[in-house]
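A quick write-up on the structure given underneath.
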Amino acid sequence: MRHDHLITSKQLSRANIETILDYAAELDADPSAVSDRHAGTVLGLLFFEPSTRTKMSFETAMKRLGGDVVDMGSVESSSVTKGETLADTVRVIEGYADALVLRHPKQGSATMASEFVDVPLVNAGDGAGHHPTQTMLDLYTIRENAGLDDLTIGIMGDLKYGRTVHSLAYALTNFDTRQHFISPESLQLPREVVYDLHQQQDGTGIREHESLEDVLPSLDVLYVTRIQRERFPDENEYQKVAGEYQIDAATLEAASDDLTVMHPLPRVDEIAPEIDETDHAAYFEQAHNGVPVRMALLDLLLSDDGDAGLTGGDGDE
Ligand code: ASP
């Protein structure tokens, strides 16, 4: 039986998102209710790029559902170094696991890999493409801290290569949000993403800026991102923008007292540690939310009928 795959946030409707977030909230309140739900189930982890939070929270989520994981390990220690193709690797590991989680440096790799397997495949980041489970935990954190409707959010930093940004921006068009994108000109959102966002949401909800000052006082949430050094074709280009768009306590003096500051992590120097102890900081809570959200998603994807209903959005892939 062919199961649902989760490849981009474009495939998620508002109803899908609300189902997952509501269920995650239930599991967050009482994780023990499902501690045997997936006994005997095995999740395959295929990470071709470094990961701490995503990989460990998927592993924790599967174990809290009563299941277990098999991990391909590092690329260096796998048959990838012998020249094995991604299509062959996923076809082999689907024989060992009931669902697969894939992270890969190449954009589009998750879509391609999903065409070769019948078990559910979750995209845990494909290059500068998408990262839909990060989006789900981002939405969960936004809902808890600021609410998802009548929301004004600033998304700042590397909007060109930041896959968490691309996924989040699409998902937010399902809600009544004003999205302000703040970056240097060289790291603006890809034009096709801007075009899509305008198509999906009344254009008044999408604005681009070079300066945070312009919008900071109006924001409910500021989502800060790391400059994605590993994606720059030229180190000199990275050096030109490294260190731009950092925030510290002085920056936030112009912000509302209720501003929620988020970051998908890891941070390098984008958020000064002095912000960690303030009521603005939600980034560690955000990382912790990865467990209940991924538990909810895995439980839905592993449901017996194979239909998690994750295909309600416009961009079903
Ligand atoms: N952890 C996030 C990702 O994998 C963000 C980052 O790496 O900056 O995309």
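As the structure lists them, so they are numbered: ligands from 1, and atoms in each ligand from 1. What you are looking at is a predicted structure, and each value in this text was computed from that prediction instead of being measured.
If you chain together hydrophobic residues whose side chains sit under 4.5 Å apart, L137 and I155 fall into the same group. Hydrophobic clustering (side-chain heavy atoms under 4.5 Å, transitive across Ile, Leu, Val, Met, Phe, Trp, Tyr) groups Y170 together with L148.
Where the criterion is an N or O separation shorter than 3.5 Å, residue side chain and backbone included, Q228 meets it with respect to ligand 1. Taking only nitrogen or oxygen atoms, main chain and side chain alike, E230 does not reach within less than 3.5 Å of ligand 1.
Near R163, with a cut-off below 4.0 Å to any heavy atom, the atoms of ligand 1 are 3 (C), 4 (O), 9 (O).
A cation-pi arrangement, defined by a distance under 6.0 Å to the six-membered ring centre and an angle within 45 degrees of its axis, is absent between R103 and F47.
Here L265 has backbone heavy atoms under 4.0 Å from ligand 1, and that is the only part of it that gets that close. At a heavy-atom cutoff of 4.0 Å, ligand 1 is contacted by the side chain of R103 but not by its backbone. When heavy-atom distances to ligand 1 are checked against a 4.0 Å cut-off, R53 has no atom that comes that close, whether in backbone or side chain.
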**Report entry** Stepwise side-chain contact (heavy atoms from CB on, under 4.5 Å) check, Y223 with T141
**Finding:** CA-CA 11 Å; Y223 188 96; T141 310; over 6 Å; no
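Closest to atom 7 (O) of ligand 1 among all protein heavy atoms lies R226 NH2, 3.0 Å.
The main-chain N or O of E210 is found under 3.5 Å from a side-chain atom of Y245 such that the two form a donor-acceptor pair.
Distances shorter than 4.0 angstrom occur between a heavy atom of P266 and an atom of ligand 1.
Residues S78 and E84 are not in side-chain contact: their nearest non-hydrogen atoms beyond the backbone lie 4.5 Å or more apart.
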